[in-house]
Amino acid sequence: MNIPAELKYTKDHEWVKIDGDIATVGITDFAQKELGDIVYVEVETLDQTLAKDEVFGTVEAVKTVSDLFLPLSGEIIEFNDALETTPESVNADAYGAGWMVKVKISDASEVSELLSSEQYKELIGA
């Protein structure tokens with residue numbers, strides 16, 4: 001299972017890459033495998049400011065729909081438009097081409113509440 005050490009994670013199976021005050025967010029390799037073939041990613045919160053743990057979108061797989069929870073408070077400043085035509089990128093490259101949103105972080109102290117790769121491995125039993 002791919003769990004990059006340089007990323008942060010949530011208990012809801014999102015990954016977070018921090019670059020200054022911008023966080024790139026997607027779902028983990030574990031999450032995409034659990035969901036199965038992803039057929040649609042919906043994010044209608046572009047340009048909105050949300051609190052940590054608020055729903056920022058949904059992922060639809062062949063058998064289920066799952067909410068996406070924002071790991072850090074902030075403004076959704078970018079959506080990965082490529083997912084509109086190729087949602088399967090989340091399955092093929094969860095930590096690269098399958099990223100979902102970029103967030104301008106409004107409360108940097110929340111970063112310390114995210115899980116390390118080791119903590120996430122423990123969570124999922126990897």
Side-chain angles (χ1 to χ4, degrees):
M1 178 129 355
N2 187 12
I3 303 171
E6 70 276 10
L7 301 177
K8 298 289 189 182
Y9 300 88
T10 71
K11 291 177 179 159
D12 295 313
H13 309 290
E14 282 94 16
W15 60 263
V16 184
K17 180 182 178 187
I18 308 291
D19 185 12
D21 65 347
I22 304 298
T24 303
V25 178
I27 64 169
T28 65
D29 194 37
F30 174 82
Q32 68 83 16
K33 284 180 179 165
E34 290 291 306
L35 287 167
D37 292 336
I38 293 172
V39 295
Y40 189 66
V41 177
E42 180 177 51
V43 173
E44 294 184 349
T45 52
L46 189 61
D47 299 325
Q48 292 182 27
T49 299
L50 302 174
K52 178 179 183 254
D53 296 329
E54 279 195 84
V55 173
F56 72 85
T58 57
V59 172
E60 184 175 337
V62 173
K63 297 178 183 175
T64 188
V65 175
S66 184
D67 286 336
L68 297 166
F69 299 96
L70 198 62
L72 299 163
S73 299
E75 180 185 355
I76 310 263
I77 58 170
E78 189 175 344
F79 169 63
N80 183 356
D81 292 334
L83 297 181
E84 290 182 357
T85 54
T86 55
E88 63 275 10
S89 297
V90 176
N91 293 115
D93 187 10
Y95 301 111
W99 69 273
M100 296 182 175
V101 295
K102 292 191 179 185
V103 180
K104 183 165 176 46
I105 302 168
S106 61
D107 185 353
S109 70
E110 292 175 349
V111 173
S112 65
E113 298 170 25
L114 297 171
L115 304 175
S116 68
S117 61
E118 289 304 314
Q119 291 168 315
Y120 185 70
K121 285 177 188 175
E122 285 179 33
L123 176 75
I124 62 171

Same cluster (ILVMFWY, side-chain, under 4.5 Å), [X] and [Y]:
X: I76; Y: V59; result: yes
X: L7; Y: I124; result: yes
X: V103; Y: L46; result: yes
X: V25; Y: V43; result: yes

Checklist entry - Tell me, which pairs form a ring-ring contact (aromatic ring centres under 6.0 Å, His included) where one or both residues lie in residues 100-123, sequence neighbours left out? => result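 The answer is Y9-Y120, H13-Y120.
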Item to check | Inter- and intrachain pairs under ring-ring contact (aromatic ring centres under 6.0 Å, His included), touching residues 75-100, at least two apart | outcome: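 ring-ring contact (aromatic ring centres under 6.0 Å, His included) check on residues 75-100 returns W15-Y95.
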Item to check | Residue among T86, I27, N80, V90 satisfying side chain to side chain contact (heavy atoms under 4.5 Å, CB included) with V41 | outcome: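 When side chain to side chain contact (heavy atoms under 4.5 Å, CB included) is applied between V41 and each of T86, I27, N80, V90, only V90 qualifies.
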Atom pair [atom1] ([X]) and [atom2] ([Y]), whose distance is rounded to the nearest 0.5 Å:
X: L115; Y: L123; atom1: CG; atom2: CG; value: 6.5 Å
X: S66; Y: L68; atom1: OG; atom2: CG; value: 6.5 Å
X: L114; Y: L72; atom1: CG; atom2: CG; value: 5.0 Å
X: L50; Y: E75; atom1: CG; atom2: CD; value: 9.5 Å

Checklist entry - Is the backbone of I3 close enough, under 3.5 Å, to the side chain of S117 for a donor and an acceptor to pair up by distance? => result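 No, because the side chain of S117 does not come within donor-acceptor range (under 3.5 Å) of the backbone of I3.
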Work out which heavy atom in [X] is nearest to a heavy atom in [Y]; give both atom names and the distance.
X: P71; Y: T10; value: CB-CG2, 3.4 Å
X: S89; Y: A97; value: CB-O, 4.0 Å
X: V39; Y: P87; value: O-CG, 3.2 Å
X: N2; Y: P4; value: OD1-CD, 3.6 Å

Checklist entry - Quick one: salt bridge (charged side-chain N to carboxylate O under 4.0 Å, His left out) partners of K121, sequence neighbours excluded? => result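 Only E118 meet the salt bridge (charged side-chain N to carboxylate O under 4.0 Å, His left out) criterion with K121.
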Next on the checklist: Run the salt bridge (charged side-chain N to carboxylate O under 4.0 Å, His left out) test against D107 and tell me which residues pass, sequence neighbours left out.
Outcome noted: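 Salt bridge (charged side-chain N to carboxylate O under 4.0 Å, His left out) list for D107, sorted by chain: empty.
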Item to check | Residue pairs fulfilling side-chain hydrogen bond (donor to acceptor under 3.5 Å, both in side chains) with at least one residue in residues 38-62, sequence neighbours excluded | outcome: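 As it turns out, the side-chain hydrogen bond (donor to acceptor under 3.5 Å, both in side chains) pairs with a partner in residues 38-62, which skip direct neighbours, are K52-E113.
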Checklist entry - Going by the salt bridge (charged side-chain N to carboxylate O under 4.0 Å, His left out) test, which pairs reach into residues 5-22, not counting sequence neighbours? => result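 Only D21-K104 qualify under salt bridge (charged side-chain N to carboxylate O under 4.0 Å, His left out).
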